[in-house]
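Sequence lines set the chain letters: A, B, ... in the order given, protein chains first and strands last, and positions in each chain run from 1.
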There are 2 protein chains.
Amino acid sequence: MGLRELKKQRTRDLLLRSALELFAERGYEETTVDDIADAADVSQRTFFRYFASKEDAAFFVSRLAESRFVEAVRARPAGEAPLDALRLALVASWSTIGEAVEQLIPMELHLRFYRVIESTPALLAAHLRRATELEEEIARVIAAREGLDVDADPRPRVVVAVFGAVMRVTERIWSARDDAGLAALRDLTATYLDQVAPALTGDWRGPALAEGAGPTPQRSNET
Amino acid sequence: MGLRELKKQRTRDLLLRSALELFAERGYEETTVDDIADAADVSQRTFFRYFASKEDAAFFVSRLAESRFVEAVRARPAGEAPLDALRLALVASWSTIGEAVEQLIPMELHLRFYRVIESTPALLAAHLRRATELEEEIARVIAAREGLDVDADPRPRVVVAVFGAVMRVTERIWSARDDAGLAALRDLTATYLDQVAPALTGDWRGPALAEGAGPTPQRSNET
DNA sequence: TTGTCAACTGTCAGTGGCTGTCATTAGCCT
DNA sequence: AGGCTAATGACAGCCACTGACAGTTGACAA
């Protein structure tokens, strides 16, 4: 790799890290692109040569994680039921995603920024839009697995949408908690996914399975 | 009502109508706030005194519709299962929403603008964020119905999230079709809601119920 | 090594969304 | 009629973002 290439990568990395640190410290809206550029010792114009927008920088890490998850879904054996495949892909990609993130920035910073996303309307909106795009991509993967046409059969999009909805509820609850660590997110995800069937049943007198503000890890070590 | 009050209402109405018409005609991003203000013969500053943002004007009508839906959910008899209550509230509020919208702008314009939302990333993002806020509100209503605590029991948020997810998939598909009328949306909604259970089942060899690009109204007149 | 090309960067100017300020206008009330 | 106050317009300024142009620096061949 040439010197030029190396410098470029260093600049992008520095910009990314500076951006996320500033976002996590003082907030997204309170951080101007000029601030980020100054922190990385480049001009504002240069920032926009590396990132299409302020938002683009904010979701750079998420993009990586998402692509890993899609790969994991693709790698699932054909026999599994769609919803199982999604859940197992999530479990399987967990560590892979962790490594990929850590290659760019400390995981601690990523988690801290995740809470900024949830508490910043503009970022949350962008996050949700990106999530639906992801869902469309995954719906096509699921449809392909089952030999179906996404436009002819509603089910692929519906399962993926349901799965995604539960994931988002989980993220939301998790980010509002005090123990917003990786383990807590994994446990919460499992708990909420377990609630899909009970929640859709008319009979809510079934097991309530209280799992809320308190730190009540239900299941772990599923890797 | 005084003259002042009347003039204010007229101005807001004119601004709203001008905005939506311009959005529908030439696109959201292609329309500047100055354009809207000019069309309504006021200054740009005045536009921002009536609407907090360009986006705020875009979702003014949606806000009305959503509040009607929430009311409808609240009005559902306590005996119904949560998912049924949501679906029936939707059916029940259909006409009420229509009237409320028509009071502000022609329904045709509203439907046309709906497609602009889906095709404009910034608007779609805002729409999704607003949708999750709505879901939180409805989750609390559902929880109250069942005598549960939203933070202690995951199920209220999960059902609502699932319902919302299906609604959004429906909107998306609907807006991409040629016959994007009210009746088509109603039919599509019913079709997709019917697919929740089948989609979550592992067995996808069941009834495929092909309903896609083609104009294939499945059920109507459920009012 | 050196000269040339292409890539990278900084500077500057400009647009659009949005806000604060202040003077002016116009409805309201006595 | 005249004073009070809400509504408005005009102006200045911030921030995200973009296009244009010029200067700098790595890459590569002679």
Report summary line: Among the nucleotides D:dA27, C:dT9, D:dT18, whichever has the atom closest to the side chain of A:Leu3 is D:dA27
Query - Residue whose nearest DNA chain C nucleotide is more 5′ - B:Gln44 or A:Asp41 - result: A:Asp41
Query raised in the report: When rounded to the nearest 0.5 angstrom, what is the spacing between CZ in B:Phe47 and OG1 in B:Thr32?
Result: 10.0 Å
Query - Nearest-angstrom distance from the residue atom CG of A:Asp35 to C1' of D:dC15 - result: 11 Å
Query - D:dC15 OP1/OP2 closer than 4.0 Å to side-chain N/O of A:Thr32 - result: no
Requested in this report: Answer yes or no: are there more than 12 heavy-atom neighbours, outside B:Glu108 itself, under 6.0 Å from its atom CD?
Outcome: yes
Query - Set of side chain to side chain contact (heavy atoms under 4.5 Å, CB included) partners for B:Glu133, sequence neighbours left out - result: B:Arg129
Query - Integer-rounded Å distance: D:dA16 C1' and A:Glu30 CD - result: 15 Å
Query raised in the report: Could you give the CG-to-C1' distance, from A:Asp56 to D:dT18, as a whole number of Å?
Result: 15 Å
Query raised in the report: Can a side chain N or O of B:Lys7 be found less than 4.0 Å away from OP1 or OP2 on D:dA7?
Result: no
Query raised in the report: Out of C:dC28, C:dA7, C:dG10, which has the shortest distance to the side chain of B:Arg4?
Result: C:dC28
Query raised in the report: Looking at C:dG27, D:dT8, D:dA10, which one has an atom nearest to any side-chain atom of B:Arg45?
Result: D:dA10
Requested in this report: Could you please name the option among C:dT9, C:dC8, C:dC28 that lies closest to any side-chain atom of A:Lys8?
Outcome: C:dC8
Query raised in the report: Between C:dG17 atom C1' and B:Ile36 atom CD1, what is the distance in whole Å?
Result: 11 Å
Query raised in the report: Looking only at heavy atoms, what is the nearest atom pair of A:Val166 and A:Thr170, with distance?
Result: O-OG1, 2.7 Å
**Report entry** From B:Glu136, B:Glu135, B:Glu137, residue fulfilling salt bridge (charged side-chain N to carboxylate O under 4.0 Å, His left out) relative to B:Arg157
**Finding:** B:Glu136
Requested in this report: Please determine if a side-chain N or O atom of A:Tyr50 lies less than 4.0 Å away from the OP1 or OP2 oxygen of C:dC8.
Outcome: no
Query raised in the report: Nearest to the side chain of A:Arg49 - D:dC21, C:dA7, C:dC28?
Result: D:dC21
Query raised in the report: CG of A:Asp34 versus C1' of C:dT11: gap in Å, rounded?
Result: 13 Å
Query raised in the report: Rounded to whole angstrom units, what separation is found between the CZ atom of B:Phe48 and the C1' atom of C:dT21?
Result: 17 Å
Query raised in the report: For DNA chain C, whose closest nucleotide is more 5', that of A:Phe47 or that of B:Gly2?
Result: A:Phe47
Query raised in the report: Within this structure, what is the CG-to-P distance between B:Leu123 and C:dG17, rounded to whole angstrom?
Result: 12 Å
Query raised in the report: Between D:dC17, C:dC8, C:dT19, which nucleotide gets closest to the side-chain atoms of A:Ser53?
Result: D:dC17
Report task. Round to the nearest Å and state the distance from B:Asp38 atom CG to D:dA10 atom P. Result -> 11 Å
